[in-house]
Colleague: 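One structure, pasted below without further comment.
Position 1 is the first residue of the sequence; numbering continues from there. Bear in mind that the values here come from a model prediction, so they are computed numbers and not experimental data.
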Amino acid sequence: MAGSETHYTWPRPAFDKPVKLLIVVAPYYRDIADDLIAGAKAEIEAVGGSWDLVEVPGALEVPTAVAMADRMSNFDGYVALGCVIRGETTHYDTVCNDSSRALQLLGLQGLCIGNGILTVENRDQAVVRADPDAQNKGGGAAAAALHLVALGRKWGGQSKGVGFRPATESYRLAGGDDGNTIA
């Protein structure tokens, strides 16, 4: 039974500079979303971080909101929250797969995202997973985002340039004629 399983919980990361996350939630099931949000907020605040919250109509809109925020704002990471409960149609599969895939693609582009969109068979499963005093999947998603932010800061951000590199002083001294030659 899944409720009796134990798993490793990573220690919280420490930050020497402030960290700010955006929580993006699809509150289709308001009570479940509220529990996910409570868990995420508590985890972010436990490391001294701050957060903003935005709501979107459904789980499919969560990745779009994350991508928009990344282009138009200045967050260190993102927490994706929502709940999809299996119904009688294949819409469940589409929403689960496409929202997860889109978040994964954004992560592969370098965004620090914790995916807390629950994909469950029934409401009872969702309630247990969302409850901050039970499985606390909202807190887990925030913790995942925070760990990715810490990892990104550890590695110091972008170290490989894109496109042309400016000429180096040593190249110019070694024979570059106008200082604008590409090294």
Colleague: What's the shortest heavy-atom distance between Ala80 and Val62, and which atoms?
Modeller: CB-CG1, 3.5 Å
Colleague: Testing the basics here: between Ala142 and Glu43, what is the closest heavy-atom pair and its distance to 0.1 Å?
Modeller: CB-CB, 3.9 Å
Colleague: Atom CG in Leu106, atom OH in Tyr78: separation rounded to 0.5 Å?
Modeller: 9.5 Å
Colleague: Do the side chains of Arg153 and Asp76 get nearer than 4.5 Å, heavy atoms only?
Modeller: yes
Colleague: I need the minimum non-hydrogen distance between Ala33 and Ala26, along with the two atoms involved.
Modeller: CB-O, 4.3 Å
Colleague: Is Pro13 close to Phe15 at the side-chain level, that is, under 4.5 Å between some pair of heavy atoms?
Modeller: yes
Colleague: Determine whether Asn115 and Ser100 satisfy the following criterion, side chain to side chain contact (heavy atoms under 4.5 Å, CB included), listing intermediate values before the conclusion.
Modeller: CA-CA 8 Å; Asn115 184 352; Ser100 180; 4.0 Å; yes
Colleague: How many angstroms lie between CD in Gln125 and CD in Gln135, if you round to the nearest 0.5 Å?
Modeller: 9.5 Å
Colleague: Hydrophobic clusters here meaning ILVMFWY residues chained together by side-chain heavy-atom distances under 4.5 Å, can you tell me if Val56 and Leu22 are in one?
Modeller: yes
Colleague: Checking side chain to side chain contact (heavy atoms under 4.5 Å, CB included) for the pair Asp52/Ile23: CA distance, chi angles, key distance, verdict?
Modeller: CA-CA 6 Å; Asp52 277 350; Ile23 301 170; over 6 Å; no
Colleague: Could you walk me through whether Ile113 and Leu148 pass side chain to side chain contact (heavy atoms under 4.5 Å, CB included), step by step?
Modeller: CA-CA 8 Å; Ile113 303 172; Leu148 290 170; 5.6 Å; no
Colleague: Show the numbers, then the answer: is there a salt bridge (charged side-chain N to carboxylate O under 4.0 Å, His left out) between Asp35 and Arg129?
Modeller: CA-CA 9 Å; Asp35 277 351; Arg129 284 161 177 75; over 6 Å; no
Colleague: Does any non-hydrogen side-chain atom of Val25 lie less than 4.5 Å from one of Leu36?
Modeller: no
Colleague: Would you sort out whether Trp51 and Lys20 count as a side chain to side chain contact (heavy atoms under 4.5 Å, CB included), showing the intermediate values?
Modeller: CA-CA 5 Å; Trp51 49 268; Lys20 185 173 184 178; 6.0 Å; no
Colleague: Rounded to the nearest 0.5 Å, what's the gap from CG on Asn97 to OH on Tyr92? Could you check?
Modeller: 9.0 Å
Colleague: May I ask you to say whether Asp131 pairs ionically with Lys137, meaning some side-chain N is under 4.0 Å from a carboxylate O?
Modeller: no
Colleague: At their closest point, which heavy atom of Arg123 faces which heavy atom of Ile32, and how far apart are they?
Modeller: NH1-CD1, 3.6 Å
Colleague: Do you know the tightest heavy-atom contact between Val79 and Gly138?
Modeller: CG1-O, 4.4 Å
Colleague: For the side chain of Thr89 and the backbone of His91, is there at least one donor-acceptor N/O pair under 3.5 Å apart?
Modeller: yes
Colleague: Any ion pair linking Arg86 and Asp93 (charged N to carboxylate O, less than 4.0 Å)?
Modeller: yes
Colleague: Same hydrophobic cluster for Leu21 and Ile37, using side-chain heavy-atom links shorter than 4.5 Å among ILVMFWY?
Modeller: yes
Colleague: Working to the nearest 0.5 Å, report the span between CG of Leu146 and SG of Cys112.
Modeller: 9.5 Å
Colleague: Specify the closest pair of heavy atoms between Ile85 and Ala126, including all atoms of both residues, with the distance to one decimal.
Modeller: CD1-CB, 4.5 Å
